[in-house]
Amino acid sequence: MRGASLTIGGACHHAGMDLATPLGPRVLVVEDDTQLAAMLRTLLSDEGYRVDVARDGQQGLHLALGARHDILLVDRGLPGIEGIDLVRRLRRQGVTTPVLVLTARGTAADRVEGLDAGAEDYLVKPFDVDELLARLRALLRRHLEDAEELDLGGRRLLVAERRVVGASGADVELSPRECELLLVLARRPSRVFGREELLDRVFDDADTTGAVDTYVHYLRRKLGRDIVRTVRGSGYRMGHG
Ligand code: CA
């Protein structure tokens with residue numbers, strides 16, 4: 001690790017600080033162009049992402065292996081380890097995080113090489129900012145829907161086992177409905193869900209929105225008050241975990 005040159009974005013790299021930071025998807029940007037890296041950091045932070053930035057392939061590898069990210073944004077032309085090679089190495093090490101590759105070249109052969117290396121998507125520079133954000137959202141959505149584990153900000157929800165592990169204290173077991181409710185909220189941490197919508201997604205026809213409130217209460221009792229936030233007049237959203 002080359003500590004002096006390591007750049008880690010956001011205030012939430014240390015698990016203890018997650019409590020004060022709104023929970024957004026965590027993205028690692030690997031980009032050697034200083035200006036573009038700074039632009040991406042600002043853009044993605046404004047969109048609610050927690051952003052880490054690496055300035056070359058080595059740092060990218062180090063950060064990607066050292067922390068859990070929801071998505072990786074990798075420039076193809078990098079000093080140290082080249083972008084495609086970085087993706088290949090991460091896949092070999094079992095990192096399954098979705099990767100969007102940025103490239104200055106846009107030939108078909110180039111694209112195939114990137115996809116073969118294990119990248120999910122490919123965007124040619126100069127890119128449209130809205131398109132980049134849309135592609136990231138699409139990748140993220142797929143990733144979260146397939147995820148076996150969800151980051152709750154310091155703690156993790158193991159979906160199949162319906163268990164919350166990590167950080168403080170003992171593991172917490174959830175009932176099927178508690179788990180389903182938490183999943184719906186945690187998959188879109190920045191979205192506010194109306195009680196009717198949550199009722200529709202998680203509960204049976206016979207239940208009323210009171211059931212949603214009851215299960216939010218159960219989740220808070222098991223996982224702490226801040227796990228779910230009440231948004232007055234609107235409904236609920238994911239809290240700080
Ligand atoms: Ca570059």
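When a ligand or atom number is given, it counts from 1 through the structure's own listing order.
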Salt-bridge contact K222-E178 (side-chain N to carboxylate O under 4.0 Å): yes
R191 charged N/C atom sitting above F193 aromatic ring, 6.0 Å / 45°: yes
Distance-only donor-acceptor check, side chains R177 and Y218, under 3.5 Å: no
Neighbouring protein N, O or S atoms of the Ca ion (ligand 1) [cut-off: under 3.0 Å, no waters]: D32 OD1, D75 OD2, G77 O
Contact check, side chains of T97 and R68, non-hydrogen atoms, under 4.5 Å: no
Partner set under side chain to side chain contact (heavy atoms under 4.5 Å, CB included) for H143, not counting sequence neighbours: D70, P98
Short side-chain donor-acceptor distance under 3.5 Å, R220 and T230: yes
